[in-house]
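Below is one structure; the comments refer to it alone.
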Amino acid sequence: MQGVTLTIALAAGVLVFCLRPVYGLTIYIATLAWYPAYLTVPVGTIDFTVTRIVILAIYVNFLLKTNLANQFRFIWLDKLVIMYFLCQLLAMSVTTPMSQFLENRAGAFFDMVLPYFAVRRIITKREQYLSLLKGVLIIAAPLAIAGFYQCITSVNPVGFLRKYHAWKNAGDLLWPRYGLFRAEVTFSMSIMYGLFFAMFGPVCAILLNNAKKHQKLIITGLGLMAIGVFSSMSAGPFLAAILSVSFLVFYRWRKYWKTSAVIIIIICTFVEIASNRHFYDLLGSFTFNSATAWHRSKLINIALFEGGMRGHWFTGYGFADPGWGPKLGANITDITNHYILVLSRYGLIGLVPFILLVIESVKQIVSAFHNANSLYDNKLVWCLASSMCGTLVAMMTVSLFGQPITCFFILLGLCVVLSDCVYKNGLAVKTNL
């Protein structure tokens with residue numbers, strides 16, 4: 001299977017090199033979604049996925065054929081992405097054998113840093129931004145159809161590939177729920193599959209305002225995005241999608257955002273004072289059973305308030321199990337919270353720059369909204385904001401790994417480029433949130 005993987009990677013790389021950079025980026029996302037990340041080509045101690053090879057072709061393409069690299073200027077979010085990666089290296093240099101952490105972080109560099117800066121450098125105009133979203137909508141359609149087929153029948157059309165898994169030998173993950181099956185198709189598990197649609201679906205909603213003659217196709221594409229989320233039968237993607245759609249709908253009442261924020265704070269405070277539960281337990285209502293809701297809430301309590309990080313606050317546990325499993329009713333620790341995962345693995349050295357990175361991405365979105373000089377650009381920014389809102393909150397109920405990690409850094413890149421795109425459409429003027 002390594003030969004097939006390498007052939008597909010080289011074919012995609014050649015295609016990328018023959019196309020304009022923005023279409024090369026679309027090919028990259030297609031390989032991310034359509035080809036399993038667990039099929040790799042080992043080069044030394046590093047497992048090269050198709051996307052890790054294609055991202056190199058993207059960089060060769062725009063470095064040799066354009067002057068985009070000379071036009072680049074660093075901003076704070078760029079520096080924080082690099083700082084986050086370097087802080088991971090620093091923390092793991094203390095907790096993990098050098099060969100293991102260098103091998104792992106080398107792969108992470110290909111999956112996080114390179115995709116982020118590819119988006120940052122390639123997307124410089126609104127037309128390119130919209131072209132990328134159209135490509136994502138097309139890419140998602142067959143993936144959603146395959147997932148729905150698996151959800152109904154339990155048959156994964158590409159399930160036979162799992163026996164070539166680079167790290168484990170596994171058959172189809174048939175986890176029934178309410179008489180349906182949790183689709184994963186080309187992803188490692190159903191939650192990650194559903195998150196792909198939940199993360200990219202809302203940002204693509206702006207296309208409804210873009211091309212009236214293709215609206216039926218766009219509505220169909222967005223509908224398939226929703227089917228992709230449903231087919232995962234997983235709480236994390238459901239939560240992300242519900243919050244994102246709610247945020248989209250709130251656009252009509254956006255001038256009341258301060259009032260809404262105050263109401264949410266009051267509700268959370270009331271729950272903390274008047275109830276024996278924490279406010280974040282409310283997220284448990286989006287899970288499919290009380291056991292998983294309890295697990296997610298208990299995980300936060302153990303890590304932050306019950307001494308789970310004692311002696312490891314600074315650099316974390318690395319890849320070692322923090323030993324919280326018995327308190328969670330399991331032999332091993334299943335960390336179903338991305339923020340807790342970052343804290344557990346890299347300590348505060350990793351968590352602080354990650355939180356700063358998230359805050360800066362939100363600031364970029366707010367800046368883009370203020371710089372927008374038309375109602376259309378306001379909606380353009382709002383759609384991306386809705387994706388980020390759903391993703392950032394859902395990350396309190398699920399840890400990202402595999403393809404969604406790359407999707408998250410692609411969204412971060414879009415947060416930056418969108419601010420430039422709406423500003424370049426004309427003289428920026430202040431708009432009220």
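Hydrogens, waters and symmetry mates are skipped; everything else that's a heavy atom, side chains included, is used.
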Does a donor on one side chain sit under 3.5 Å from an acceptor on the other, for [X] and [Y]?
{"X": "Thr124", "Y": "Gln128", "value": "yes"}
{"X": "Ser232", "Y": "Ser190", "value": "no"}
{"X": "Asn156", "Y": "Tyr149", "value": "no"}
{"X": "Thr406", "Y": "Asp111", "value": "no"}

Output yes when a side-chain donor or acceptor of [X] lies under 3.5 Å from a complementary backbone atom of [Y], and no otherwise.
{"X": "Thr153", "Y": "Val155", "result": "yes"}
{"X": "Ser367", "Y": "Lys363", "result": "no"}
{"X": "Thr391", "Y": "Met388", "result": "no"}
{"X": "Thr397", "Y": "Gly236", "result": "no"}
{"X": "Thr49", "Y": "Arg52", "result": "yes"}
{"X": "Ser399", "Y": "Asn337", "result": "yes"}
{"X": "Asp321", "Y": "Thr333", "result": "yes"}
{"X": "Tyr339", "Y": "Leu392", "result": "yes"}
{"X": "Arg105", "Y": "Leu89", "result": "no"}

Answer yes or no: are there more than 12 heavy-atom neighbours, outside [X] itself, under 6.0 Å from its atom [atom1]?
{"X": "Ile219", "atom1": "CD1", "result": "yes"}
{"X": "Trp34", "atom1": "CH2", "result": "yes"}
{"X": "Phe148", "atom1": "CZ", "result": "no"}
{"X": "Tyr251", "atom1": "OH", "result": "yes"}

Is the distance between the ring centroids of Phe354 and His338 under 6.0 Å?
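Under 6.0 Å, so yes.
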Would Phe200 and Phe197 count as a close aromatic pair, with their ring centres under 6.0 Å?
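Here the rings of Phe197 and Phe200 have centres that are no less than 6.0 Å from each other.
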Considering all heavy atoms, the nearest Leu380-Tyr129 contact:
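So the minimum-distance heavy-atom pair works out to CD1-CE2, 3.8 Å.
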Where is the tightest heavy-atom contact between Ala144 and Ser231, given as atom of each residue plus distance?
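So the two residues come closest at O-OG, 4.5 Å.
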Is Asp377 salt-bridged to Arg126, going by a charged N under 4.0 Å from an acidic O?
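Answer for the salt bridge query: yes.
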Step by step, would you call Thr5 with Tyr35 a side-chain hydrogen bond (donor to acceptor under 3.5 Å, both in side chains)?
CA-CA 9 Å; Thr5 300; Tyr35 200 78; 2.8 Å; yes
Quick one: does NZ or CZ of [X] land under 6.0 Å from the six-membered ring centre of [Y], within 45 degrees of the ring axis?
{"X": "Lys379", "Y": "Trp382", "value": "no"}
{"X": "Arg120", "Y": "Phe117", "value": "no"}
{"X": "Arg162", "Y": "Tyr38", "value": "yes"}

Exactly one of Asp334, Ile302, Thr336 should register a side-chain contact (heavy atoms from CB on, under 4.5 Å) with Leu328. Which one does?
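Testing Leu328 for a side-chain contact (heavy atoms from CB on, under 4.5 Å) against Asp334, Ile302, Thr336 leaves exactly one candidate, Ile302.
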